[in-house]
Enquirer: 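Can you read through this structure? Questions will come right after.
Every number for a ligand or one of its atoms is a count from 1 in the order of the listing. Along the sequence shown, residues carry numbers from 1. Source: prediction; values computed, not measured.
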Amino acid sequence: MARPLPEILPVPWPAGLPAPPTHTEEAIVRAARLLADGGLVAIPTETVYGLAANALDADAIDRVFAAKGRPAGNPLIVHVSDIAMARTLAADWPTAAERIVSSLWPGPVTVIVPRSPRVPNAVTAGGPTVALRCPEHPLARRLIATLGRPLAAPSANRSTQLSPTTAGHVLDSLGNRVDLILDGGPCGRGIESTVVDCTTDPPCILRPGPISRAELEAVLGGPVVAALPGNVDAETMPARSPGQLARHYAPKTPLELSAAAAERVATLLEAGKRIAWLTVATDAPQVRQLAASRDLLVVPMPTDPAAFAASLYAMLHAVDRRSLDAIIVDTPPDTDAWRAVADRLRRAAKA
Ligand code: AMP
Ligand code: MG
């Protein structure tokens, strides 16, 4: 008999309440029990929804890779409830890691440090380092503290697909491959954490994210380098730079970045294509003129990069359901503030 779809438990926690409401606390306790038994629970975080498993349970970790269809060479981020828990998972604690986490945790930044032997091999993809993050989302931290164990939690979607920013996205992508979904509403940041390798000097950004290079340099009091844009495929992927899979975060509809989007849109419409155009320039006369076409869906996007990031995956999920021929997105500005959005769009555009 087919496995049933997972239950989706709402877990509201109104801002300002020091402890969650009773039904949220009950859901956390249920989730913690499932995790202690080796189950998989999708959880809200401030970045995207995570597919969580007890990070110290090698069998549960195998289930995460199977549920996602994730290549074994792509390691998982381990989520902790505080800095003390993080240090139990590290063989060494570089000064750079200490500076980053003491200023920016809880928050959307992941540090790579030498791993402790306590961390199962599968979590680190056999590598000598482990990725650690303490989420800003109170629900995630409360769950980890209740379990008393760290949670390995990659994004709660099938490998290479768009990351989920709502409980509904998780259900659509994973279905009965997950045991339980905690619904904390839409994710605030909407894109994956910044990943910083703290085992090199200077530290290196392996994946741009909500915390910018400038913010990292400010807390480190020194330079940070950025890894070259990824062009690695699953077979040749070095264990050190797994977030660099060239195609990732991709909708099913072909996505194209265009620096001259209005012309590109016009050309595609003339060729009889049905398209969506994600643009910040909704007031431009060219856009208004093209928007009259029945075959074009104009999707207005925020002009602020953080707000753009927060709605990007939700917009792509929504557009993807319409089975259009293409999604056109304006090429974002080449600035630090747009780095993370530009990175995700480039990977989404990779055919
Ligand atoms: P996801 O869980 O899909 O958000 O992806 C997790 C990402 O974390 C990987 O793709 C890498 O970018 C990064 N990561 C996890 N562990 C390591 C590690 N030991 N070394 C370098 N990067 C890592
Ligand atoms: Mg992912």
Enquirer: Below a 4.0 angstrom heavy-atom separation, can you tell me which part of R133, side chain or backbone, both or neither, approaches ligand 1?
Expert: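 R133 to ligand 1: no contact under 4.0 Å from either part.
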Enquirer: So does R99 have more than 12 non-hydrogen atoms from other groups sitting under 6.0 Å from CZ?
Expert: no
Enquirer: Residues in side chain to side chain contact (heavy atoms under 4.5 Å, CB included) with P94, at least two apart?
Expert: A97, V113, P114, C198
Enquirer: Run through the protein N/O/S atoms less than 2.8 Å from the Mg ion (ligand 2) and write them out by chain and number.
Expert: S155 OG
Enquirer: Parallel, tilted or perpendicular: which fits the ring planes of F308 and W338, with parallel below 30° and perpendicular above 60°?
Expert: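 Ring orientation, 0 to 90° scale: perpendicular.
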Enquirer: With respect to atom 19 (N) of ligand 1, which of V196, V119, V111, T129 exhibits the smallest heavy-atom separation?
Expert: T129
Enquirer: Can you tell me if S155 has a non-hydrogen atom under 4.0 Å from ligand 1?
Expert: yes
Enquirer: Give the atom numbers and elements of ligand 1 that come within less than 4.0 Å of a heavy atom of I77.
Expert: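 Matching atoms, with element in brackets: 6 (C), 8 (O).
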Enquirer: Please check if the side chain of S173 supplies one atom and the backbone of V170 the other of a donor-acceptor pair under 3.5 Å.
Expert: no
Enquirer: Show the atom names and distances, to 0.1 Å, of all donor-acceptor pairs under 3.5 Å that link a side chain in residues 39-50 to residues at least two apart or in another chain.
Expert:
from, atom 1, to, atom 2, distance (Å)
T45, OG1, T47, N, 3.1
T45, OG1, T47, OG1, 2.9
T45, OG1, V48, N, 3.4
T45, OG1, V48, O, 2.7
T45, OG1, R133, NH2, 3.4
E46, OE1, E136, N, 3.1
E46, OE1, H137, N, 3.2
E46, OE2, R133, NH1, 2.6
E46, OE2, E136, N, 2.9
T47, OG1, R133, NH2, 3.4
Y49, OH, G184, N, 3.0
Y49, OH, G185, N, 3.3
Y49, OH, G185, O, 2.7

Enquirer: Would you kindly say whether T95 and E98 are connected by a side-chain donor-acceptor distance under 3.5 Å?
Expert: no
Enquirer: Could you tell me whether E192 and ligand 1 have an N or O pair separated by under 3.5 Å?
Expert: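 No, since none of the N or O atoms of E192 sits under 3.5 Å from an N or O of ligand 1.
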Enquirer: Tell me which part of L206 gets within contact of ligand 1: side chain, backbone, both or neither, using heavy atoms under 4.0 Å.
Expert: side chain
Enquirer: L296: which other cluster members, linking ILVMFWY side chains closer than 4.5 Å, directly or transitively?
Expert: V265, L268, L269, I275, W277, V287, L290, V298, I328
Enquirer: Does R115 come within less than 4.0 angstrom of ligand 1, counting non-hydrogen atoms of the residue?
Expert: no
Enquirer: Does the structure place the NZ or CZ of R344 under 6.0 Å from the centre of the six-membered ring of Y249, at an angle of no more than 45° from the ring's axis?
Expert: yes
Enquirer: Could you tell me whether D334 and R339 have a side-chain N and a carboxylate O separated by less than 4.0 Å?
Expert: yes
Enquirer: With backbone taken as N, CA, C and O and side chain as the heavy atoms from C-beta onward, which portion of T124 lies under 4.0 Å from ligand 1: side chain, backbone, both, or neither?
Expert: neither
Enquirer: Regarding ligand 1, does K68 bring an N or O atom to under 3.5 Å of one of the ligand's N or O atoms?
Expert: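 No, since none of the N or O atoms of K68 sits under 3.5 Å from an N or O of ligand 1.
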Enquirer: I need the minimum non-hydrogen distance between P332 and V341, along with the two atoms involved.
Expert: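 Nearest pair, atom of P332 first, then V341: CG-CG1, 4.5 Å.
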Enquirer: Once you restrict to heavy atoms under 4.0 Å, what part of I112 touches ligand 1? Side chain, backbone, both or neither.
Expert: side chain
